[in-house]
Amino acid sequence: MVIEKDDASPDPWDAAFAAARAAAAAGETPVGAALVRDGRVIATAGNRVATDHDPTAHAEILAIRAAAREIGSERLIGCDLYVTLEPCAMCAGAISFARIRRLYWAAGDPKGGAVEHGPRFFSQPTCHHAPELYGGIRESEAAAMLRDFFRARR
């Protein structure tokens, strides 16, 4: 579910984790994202891959789409993205093209991540724009949510 801005803007981490919990409740991998501009959360989203039958419906992509509609531009200059899991290569590409200023993520993803793991997208010479990177924030909380989700599915 994509939730657009609210005048009483929540803490971006709380918003991202709430979106991840909502995704898990819907049977989706619990990943959530919150996009912030001028200190206000302007869009949040949780994964909707299975719900939408869309392999691109990752939390980051959905939050970027909602924020771009909100501000009326495909360039999210001055915006910061908070996500509960290290972005994959697809999401890293979208973050770059959107010109996100700062990327914050909670848990690293050794298998599918593309920021600190795998292709290390933002350090490639072909990367158009690299945001400031901040990883490992609330990592144990995000990792526990993912572990619990997948343990319950086994």
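Residue numbers run from 1 in the order of the sequence given.
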Under 3.5 Å, side-chain donor or acceptor atoms of residues 145-154 against the rest of the protein: list the pairs with distances, not counting sequence neighbours.
{"unit_1": "D148", "atom_1": "OD1", "unit_2": "R151", "atom_2": "NH1", "d": "3.2"}
{"unit_1": "R153", "atom_1": "NH1", "unit_2": "G27", "atom_2": "O", "d": "3.4"}

Donor-acceptor contacts, no H, no angles, side chain residues 127-138, under 3.5 Å, sequence neighbours left out:
{"unit_1": "H129", "atom_1": "NE2", "unit_2": "I100", "atom_2": "O", "d": "2.7"}
{"unit_1": "E132", "atom_1": "OE1", "unit_2": "R102", "atom_2": "NE", "d": "3.3"}
{"unit_1": "E132", "atom_1": "OE1", "unit_2": "Y134", "atom_2": "OH", "d": "2.5"}
{"unit_1": "R138", "atom_1": "NE", "unit_2": "E141", "atom_2": "OE1", "d": "2.7"}
{"unit_1": "R138", "atom_1": "NH1", "unit_2": "D14", "atom_2": "OD1", "d": "3.2"}
{"unit_1": "R138", "atom_1": "NH2", "unit_2": "E141", "atom_2": "OE1", "d": "2.9"}
{"unit_1": "R138", "atom_1": "NH2", "unit_2": "E141", "atom_2": "OE2", "d": "3.0"}

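Hydrophobic cluster of I61: the remaining members, joined at side-chain heavy-atom separations below 4.5 Å, are M90, listed by chain and number.
With hydrogens and angles disregarded, a donor-acceptor distance shorter than 3.5 Å links the side chain of T84 to the backbone of G32. N47 places a side-chain N or O within donor-acceptor distance of the main-chain N or O of A59, the cut-off being under 3.5 Å.
Applying the side chain to side chain donor-acceptor pair (under 3.5 Å) definition to pairs two or more places apart or across chains, those involving residues 110-125 are E86-H117. Judged as a ring pair (Phe, Tyr, Trp, His ring centres under 6.0 Å), the pairs with a partner in residues 47-94 (not counting sequence neighbours) are, in order, W13-Y82, Y82-Y104. Applying the side chain to side chain donor-acceptor pair (under 3.5 Å) test to residues at least two apart or on different chains, none of the pairs has a partner in residues 16-27.
The OG1 atom of T56 sits 10.0 Å away from the CZ atom of R48 when rounded to the nearest 0.5 Å. Rounding to the nearest 0.5 angstrom, the gap separating the CH2 atom in W105 from the CD1 atom in I95 is 9.5 Å. From I64, atom CD1 reaches atom SG of C91 across 7.0 Å, with rounding to the nearest 0.5 Å. Atoms CD and OG1, on E28 and T51 in that order, are 3.5 Å from each other to the nearest 0.5 Å. Here T44 contributes atom OG1 and F17 contributes atom CZ; the two are 13.5 Å apart, rounded to the nearest 0.5 Å.
Among all heavy-atom pairs drawn from C79 and R37, the shortest one is SG-CB, 3.7 Å.
Under the 4.5 Å side-chain heavy-atom criterion for grouping Ile, Leu, Val, Met, Phe, Trp and Tyr, L62 is not connected to V49 through any hydrophobic cluster.
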